[in-house]
There are 2 protein chains.
Amino acid sequence: MTIDKKHKRDIIKAKRSACPVSIGLEQFGDKWTLLLIRDLIFGAKKFKDFEAGSEKIPTNILASRLKMLEHNGLIEKKIYQERPKRYEYSLLEKGRDVIPVLHSVAKWSIKYDKESFEPPERFWAAGNDDS
Amino acid sequence: MTIDKKHKRDIIKAKRSACPVSIGLEQFGDKWTLLLIRDLIFGAKKFKDFEAGSEKIPTNILASRLKMLEHNGLIEKKIYQERPKRYEYSLLEKGRDVIPVLHSVAKWSIKYDKESFEPPERFWAAGNDDS
DNA sequence: CAAGTAACTTTCAAAAAACAAGTATAAAAA
DNA sequence: TTTTTATACTTGTTTTTTGAAAGTTACTTG
């Protein structure tokens with residue numbers, strides 16, 4: 001996989017420190033990346049699926065995040081149809097292993113924000129290796 | 001506590017959705033906020049302490065994040081000395097409750113990035129109510 | 001052959017982050 | 001008493017990232 005210069009900056013960043021908190025945040029410490037992983041848990045596969053998510057991610061950011069996640073090995077992109085070329089994305093183990101982060105974030109929000117809804121059972125079940 | 005217009009935008013944002021993952025990310029889904037909570041766990045109290053952290057946060061961002069965390073009730077700011085006025089910050093329960101997020105992020109990084117170091121015992125112990 | 005669909009890319013204004021200095025208050029040192 | 005040091009920020013300026021909308025490419029369908 002070659003990376004053109006245009007997208008290099010989306011993917012390669014200097015490491016700020018060797019602290020494991022800092023390192024993790026460099027991969028998914030932004031407002032969108034974890035939501036994409038959430039969407040994958042709930043069955044999103046195609047570009048359109050993510051676009052349709054409840055937070056209305058801009059398509060340019062979606063494209064760059066998917067590229068980044070793929071480059072970093074959290075997800076994979078596969079062609080499921082030639083002519084017209086269509087792709088689907090799926091979680092790899094490295095990506096499934098961030099599900100505990102989603103769980104801890106969700107627990108916090110449910111405790112402190114009355115507006116947040118209680119996720120369905122499949123959300124809590126995800127990552128417990130029965131998925 | 002009154003908020004001047006200049007900092008209103010640092011604090012008030014429209015909610016994107018009622019998803020608990022999304023709501024949590026609006027509070028600490030950025031590259032710096034969780035690092036400040038980490039620093040608090042490790043004993044940082046004063047502005048200078050955070051400034052000295054290993055990731056070299058810019059001071060204007062530090063000021064705005066501390067303000068935001070205080071406004072949202074995750075930390076509190078207290079004067080510990082009049083003349084000259086000196087302040088110290090500390091975690092409130094709402095802030096201590098994000099420690100599990102730090103733990104899950106750290107576990108992921110340790111598993112997937114060889115450069116990340118293993119945090120000291122007090123990091124894993126934090127939030128287990130013996131702190 | 002016009003319209004529709006999926007998966008992006010491009011454009012560009014606006015917001016946020018990064019960087020470099022500067023400010024206010026007071027203590028302490030020369 | 002003038003200078004230096006310290007804390008806790010704030011203020012400009014530049015750079016980067018975001019967000020919103022429109023455009024592109026490669027087909028398929030009526």
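Throughout, protein chains are lettered first and strands after them, A, B, ... in sequence-line order, and every chain is numbered starting at 1. These numbers come from the heavy atoms of this one structure, side chains and all, not from hydrogens, waters or symmetry mates.
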Nearest-Å distance for atom pair [atom1]/[atom2], residues [X] and [N]:
X: B:I57; N: C:dA18; atom1: CD1; atom2: C1'; value: 11 Å
X: A:K78; N: C:dA6; atom1: NZ; atom2: P; value: 21 Å
X: B:I61; N: D:dT16; atom1: CD1; atom2: C1'; value: 11 Å
X: B:D49; N: D:dA6; atom1: CG; atom2: P; value: 15 Å
X: A:K31; N: D:dT18; atom1: NZ; atom2: C1'; value: 8 Å
X: B:L35; N: C:dA18; atom1: CG; atom2: P; value: 11 Å
X: A:F47; N: D:dT24; atom1: CZ; atom2: P; value: 17 Å
X: B:E51; N: C:dC19; atom1: CD; atom2: P; value: 14 Å

Without swapping roles, check the side chain of [X] against the backbone of [Y] for a donor-acceptor pair under 3.5 Å.
X: B:K45; Y: B:F50; result: no
X: B:H103; Y: B:F123; result: yes
X: A:E26; Y: A:G29; result: no

Check A:E76 with A:K78, please: is the shortest side-chain N to carboxylate O separation under 4.0 Å? yes
NZ/NE/NH1/NH2 to OD/OE distance under 4.0 Å, A:D97 and B:K111: yes
Quick check for you: among [options], whose closest atom lies nearest to any side-chain atom of [X]?
X: A:N60; options: C:dT9, D:dA20, C:dA18; answer: D:dA20
X: A:A63; options: D:dT18, C:dT9, C:dA27; answer: C:dT9
X: A:R86; options: D:dC9, C:dT9, C:dA7; answer: C:dA7
X: B:R65; options: C:dA17, D:dG19, D:dT10; answer: C:dA17
X: B:P84; options: C:dA7, C:dC19, C:dA26; answer: C:dA26
X: A:Y87; options: D:dA20, C:dA7, D:dT10; answer: C:dA7

In terms of the nearest nucleotide of DNA chain D, which residue is placed more toward the 5' end: B:K46 or A:D30? B:K46
Residue pair B:K77/A:T59 against DNA chain D: nearer the 5' end by closest nucleotide is B:K77
When all nucleic acid strands are considered with a 4.0 Å heavy-atom cut-off, which category describes [X]: base, sugar-phosphate, or nothing?
X: B:Y89; result: sugar-phosphate
X: B:K56; result: nothing
X: A:R83; result: sugar-phosphate

Looking at A:K85, I'd like to know whether one of its side-chain N or O atoms comes within less than 4.0 Å of OP1 or OP2 on C:dT5. no
Using only side-chain N and O atoms of A:W32, determine if any of them is under 4.0 Å from OP1 or OP2 of D:dG19. yes
Kindly confirm or rule out a cation-pi arrangement of B:R96 over A:W108, judged by NZ or CZ under 6.0 Å from the six-membered ring centre and within 45° of its axis? no
